[in-house]
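Numbering of residues begins at 1 and proceeds along the displayed sequence.
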Amino acid sequence: TIFNVRAYPKQIQANAYNFPNLIEKEVILLYLINNSLGFVPSIRDSVNIDGENYKVYSIEKKHAGGSLILYKILIVRG
């Protein structure tokens, strides 16, 4: 199933301290608000940005007031 969503992409520079396994790969952090998404992000998902395919590397959930409000999704290409 394909979903189109808007997310804020932030380019991450992988190094020996933050993501040693991802050095020399293109790494992007997506902030995705959990506002009636219609799906739950999965580690098995792939993401397409401007025709380039990325694989989901990790998902971090953020809660406030007992509710899930945000997903921080790390995606990788290369």
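For residues 37-67, every residue pair satisfying the ring-ring contact (aromatic ring centres under 6.0 Å, His included) rule, not counting sequence neighbours, is listed here: Phe3-Phe39.
For the pair Val47 and Asn53, the minimum side-chain heavy-atom distance is 4.5 Å or more. Taking 4.5 Å as the limit, every side-chain heavy atom of Leu32 sits out of range of all side-chain heavy atoms of Leu70.
By the criterion of side-chain heavy atoms lying less than 4.5 angstrom apart, applied directly or through intervening Ile, Leu, Val, Met, Phe, Trp or Tyr residues, Ile59 is grouped together with Ile28 in one hydrophobic cluster. Ile43 and Val40 fall within a single hydrophobic cluster, where Ile, Leu, Val, Met, Phe, Trp and Tyr are joined by side-chain heavy atoms under 4.5 Å apart, directly or via other members. One hydrophobic cluster, built from ILVMFWY side chains closer than 4.5 Å, holds both Ile69 and Leu29. Residues Leu68 and Tyr31 are members of separate hydrophobic clusters, defined by side-chain heavy-atom contacts under 4.5 angstrom among Ile, Leu, Val, Met, Phe, Trp and Tyr. Note: the hydrophobic cluster containing Leu37 does not contain Ile33 (ILVMFWY, side chain heavy atoms under 4.5 Å, direct or indirect links).
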List the atom pairs, with distances to 0.1 Å, where a side-chain N or O of residues 12-19 and a protein N or O form a donor-acceptor pair under 3.5 Å, not counting sequence neighbours.
from, atom 1, to, atom 2, distance (Å)
Asn15, OD1, Tyr17, N, 2.7
Asn15, OD1, Asn18, N, 2.9
Asn18, OD1, Asn15, N, 2.8
Asn18, ND2, Gln13, O, 3.1

Under 3.5 Å, which donor-acceptor pairs do the side chains of residues 71-78 form with other protein atoms, sequence neighbours left out?
from, atom 1, to, atom 2, distance (Å)
Arg77, NE, Glu26, OE1, 3.0
Arg77, NH1, Glu52, OE1, 2.8
Arg77, NH2, Glu26, OE1, 2.6

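To the nearest 0.5 Å, atom NZ of residue Lys55 and atom CG of residue Asp45 are 9.5 Å apart.
In Glu24, the CD atom is not crowded: 12 or fewer heavy atoms of neighbouring residues, nucleotides or ligands sit closer than 6.0 Å.
For the pair Ser42 (side chain) and Arg44 (backbone), a donor-acceptor distance under 3.5 Å is present.
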